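In what follows, a single structure is set out as structure tokens and then discussed.
As the structure is a computational prediction, the values presented were derived from the model and not from experiment. In this chain, residues are counted from 1 in sequence order.
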Amino acid sequence: MRADRGDLRSFLLVAIICIAMAVVWSLSSWNIRPVYGHEEGEVGTSDDEKMTLVMYELDAGDTIYYDYAASEACWFSICTFDNTDPFNIILDEKLNLSGTQSAGSFECPTDGRYYLRVAFLGTPPEGMATIDYYTHAFNDYSVQVVTATTTLLIALTVLLAYLAYRDYRNGYGREVLYMGLGIAGGTVAAASLVVAYLNPTVDFGETAFGLLSTFAGALISLCFWAGLFTILREEEWDDVIRVRGVAFSLVKLTAVVLAIAVVFAILALMYVMN
């Protein structure tokens, strides 16, 4: 039995909403990109020289969030350099922490370049001293981005929940399946954004939070998968292709290929933008 036009319209609308949620989620990065270095990573050294981990170009009032864990006792500092005189470069340390681990935030008092550096107090006779670090830099624009992104995700999720409730009341149980997947994905995505903004270093060493963030895109993508097969499972098509005597529905095979392409495109967009 062919899916009626109401089923097709319902699925297309849900697919558009879920793709929109995936795009919004992939564009959710609101942190300031560093001028030098990486926002997170692990570095090591066999000497006691200071190393610059990351450098930001920031304005007064911007905030740097940091979280680090070192294998040896070290000095972790945030500083600026006055390079106006090439023969007399002045180092101004804004923050200086000691120990093997710490986490917190620092509000920039002036415009300029801020360097996050580490100096180990001692290194092992054989081997290297290492430090795992995670840092973010936010400004006023960051607040606007996370607010707009979260609002859009919540609005799209609520709209999807309304469509699911309407179809459930009308007795269309099949459509509720893939709508439910989209609702779950939108809810997880919005929750992850709020948690990450309230505690920017929450995913430092937290595999569970990384998986939670990944589930958002996966659930939204699964909605598209489920929708395709919900509509196509009761269709009767004459067009088939045969591979070594095995018949495949041409339309269903096309749907599988299209679904795989959409899922990989969404996941690739999430990876590139984040």
Side-chain angles (χ1 to χ4, degrees), residues 27-125 127-149 193-206 209-210 273-274:
L27 298 175
S28 61
S29 179
W30 60 85
N31 53 303
I32 303 172
R33 298 298 182 186
V35 177
Y36 166 82
H38 302 283
E39 296 170 309
E40 60 180 309
E42 178 181 1
V43 296
T45 181
S46 57
D47 55 44
D48 300 333
E49 293 294 326
K50 280 194 173 182
M51 296 186 299
T52 297
L53 303 175
V54 63
M55 177 178 65
Y56 291 104
E57 187 82 43
L58 301 173
D59 298 328
D62 294 348
T63 304
I64 299 174
Y65 292 87
Y66 58 86
D67 191 343
Y68 70 88
S71 62
E72 306 291 333
C74 66
W75 290 103
F76 179 87
S77 62
I78 298 178
C79 58
T80 59
F81 286 89
D82 184 355
N83 297 323
T84 55
D85 184 355
F87 300 101
N88 185 28
I89 298 176
I90 301 174
L91 169 65
D92 184 8
E93 288 193 344
K94 304 294 185 180
L95 178 72
N96 204 334
L97 303 172
S98 62
T100 56
Q101 62 181 15
S102 185
S105 61
F106 171 79
E107 185 173 336
C108 303
T110 59
D111 299 351
R113 287 192 170 184
Y114 288 81
Y115 300 76
L116 277 64
R117 312 181 79 200
V118 62
F120 290 99
L121 303 182
T123 56
M128 301 175 65
T130 60
I131 180 172
D132 280 308
Y133 68 94
Y134 193 93
T135 178
H136 277 308
F138 295 162
N139 56 14
D140 292 338
Y141 178 71
S142 303
V143 179
Q144 299 173 15
V145 171
V146 70
T147 301
T149 302
L193 279 175
V194 174
V195 171
Y197 180 75
L198 294 178
N199 188 357
T201 58
V202 67
D203 56 346
F204 178 73
E206 292 289 341
F209 186 76
M273 297 306 299
N274 287 302

How far does CZ of F106 sit from CG of L116, to the nearest 0.5 angstrom?
9.5 Å
So, taking the atom named NE2 in H136 and the one named CD in E40, what distance separates them when rounded to the nearest 0.5 Å?
7.0 Å
Quick one: side chains of residues 73-80, donor-acceptor pairs under 3.5 Å with protein atoms, not counting sequence neighbours, listed by atom name and distance.
none

Please tell me if the side chains of I32 and Y141 come closer than 4.5 Å, counting only heavy atoms from C-beta onward.
no
Indicate yes or no: at least one non-hydrogen side-chain atom of L97 is less than 4.5 angstrom from one of Y66.
yes
Go through F138 and Y65 one step at a time and tell me if the ring-ring contact (aromatic ring centres under 6.0 Å, His included) criterion holds.
CA-CA 8 Å; F138 295 162; Y65 292 87; 5.3 Å; yes
Over all heavy atoms of both residues, which pair between [X] and [Y] is shortest? Give the atoms and the distance, please.
X	Y	value
E42	Y133	N-CE2, 4.5 Å
P109	Y114	CD-OH, 3.4 Å
M51	F120	CE-CE1, 4.1 Å

Step through the shown structure and confirm whether more than 12 heavy atoms of other residues, nucleotides or ligands are within 6.0 Å of CG on D140.
no
Atom CD of residue position Q101 - does it have more than 12 heavy atoms of other residues, nucleotides or ligands inside 6.0 Å?
no
Using a 3.5 Å distance criterion without hydrogens, assess whether the side chain of T147 forms a donor-acceptor pair with backbone atoms of Q144.
no
Sequence neighbours excluded, the answer for ring pair (Phe, Tyr, Trp, His ring centres under 6.0 Å) partners of F81 is Y115
Check: residues 52-64 side-chain donor-acceptor pairs under 3.5 Å, at least two apart:
from: T52; atom 1: OG1; to: R117; atom 2: NE; distance (Å): 3.3
from: E57; atom 1: OE1; to: R113; atom 2: NE; distance (Å): 2.7
from: D62; atom 1: OD2; to: D59; atom 2: N; distance (Å): 2.8

